[in-house]
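The structure appears below as structure tokens.
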Amino acid sequence: MDKSIKQILISTTQIKQRVKQLGIQLSADYKDKNLVIICVLKGAIVFLADLLRALSIPVELDFVRLSSYGKSAESSGVVQIIQNITSDIQHKDVLIVEDIVDTGTTLSSLKEALLSQKPSSLKTCALLNKPARRVKSITIEYVGFEIPNCFVVGYGLDYNEKYRNLPYIAVSDIDF
Ligand code: 5GP
């Protein structure tokens, strides 16, 4: 294991099981709806790829990229859309797929921007929820795992663009 990885927090097996459950739940909840998944780049792509294959319903896919922590582990609090969706989401049932919700700043800005395009519904599926540092009050309808206040990497989540390829979620020992 890399020396800056302290411990495995969520194993590959645990992730697989939870993603399968989420896929079953989402397939039931969005049966007969016009589901559009909006994946938040880059961190959510690994989760998205597995979640998509756990769905048994038709789904449209789009991507959004937001300004993030950059090279630091601390959020600037200012969120900008760097790459916007290209689909028309008006009257569609939109599900945001996010890697992790921490302070909630990113998700709340994204929700506000998407709501202005008048979807029929707008919900969120986040792989990880870190409620300890929340500053914005937001609802996350589907959560993979609730985690303690630590900095995690792996399964799409990075630190300085490293560790996204780890097949598990690990606690990093970087200053946070
Ligand atoms: P928020 O706006 O909720 O504070 O932050 C959301 C974004 O911060 C996530 O999409 C992710 O990019 C980043 N982030 C928050 N906590 C962590 C963490 O523990 N590890 C990693 N790698 N990124 C995080």
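Read the numbers this way: they start at 1 and go in the same order the structure lists the ligands and their atoms.
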Are Phe47 and Leu157 co-members of a hydrophobic cluster defined by side-chain heavy atoms under 4.5 Å apart? yes
Enumerated ligand 1 atoms positioned under 4.0 Å from heavy atoms of [X]:
X: Asp158; answer: 21 (C), 22 (N)
X: Glu98; answer: 10 (O)
X: Thr106; answer: 1 (P), 2 (O), 5 (O), 6 (C)
X: Lys130; answer: 16 (N), 17 (C), 18 (C), 19 (O)
X: Thr105; answer: 2 (O), 3 (O)

Verify, without hydrogens or angle tests, whether [X] (side chain) and [Y] (backbone) share a donor-acceptor contact under 3.5 angstrom.
X: Lys130; Y: Cys150; answer: yes
X: Arg18; Y: Gly144; answer: yes
X: Asp62; Y: Thr86; answer: yes

Contact between ligand 1 and Cys150 is defined here as a heavy atom of the residue under 4.0 Å from a ligand atom; is it met?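 So Cys150 counts as touching ligand 1.
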Do any heavy atoms of Tyr159 fall under 4.0 Å from ligand 1?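 In this structure, Tyr159 fails to qualify as a contact of ligand 1 - no heavy atom is under 4.0 Å.
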Output yes when the distance from some N or O of ligand 1 to some N or O of Leu107 is under 3.5 Å, and no in every other case.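 It does not: no N or O of Leu107 is found under 3.5 Å from an N or O of ligand 1.
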Would you say Gly104 has any N or O atom under 3.5 Å from an N or O of ligand 1, going by distance alone? yes
Atom 1 (P) of ligand 1: which of Val135, Ile100, Thr103 has the nearest heavy atom?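 Residue with the shortest heavy-atom distance to the ligand atom: Thr103.
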Apply side-chain contact (heavy atoms from CB on, under 4.5 Å) to Lys33 and list each qualifying residue two or more places apart in sequence or on a separate chain. Tyr30, Asp93
By side-chain contact (heavy atoms from CB on, under 4.5 Å) - contacts of Lys42 (at least two apart):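 If we apply the side-chain contact (heavy atoms from CB on, under 4.5 Å) test to Lys42, skipping adjacent residues, the hits are Arg65, Glu161, Arg164.
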Side chains of Ser120 and Asn34: does their closest heavy-atom pair fall under 4.5 Å?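 No; the side chains remain at least 4.5 Å from each other.
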Tyr155 and its side chain to side chain donor-acceptor pair (under 3.5 Å) partner, picked from Asn165, Asp50, Thr12: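 Testing Tyr155 for a side chain to side chain donor-acceptor pair (under 3.5 Å) against Asn165, Asp50, Thr12 leaves exactly one candidate, Asp50.
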Specify side chain, backbone, both or neither for Val79, according to which of its non-hydrogen atoms lie closer than 4.0 Å to ligand 1. neither
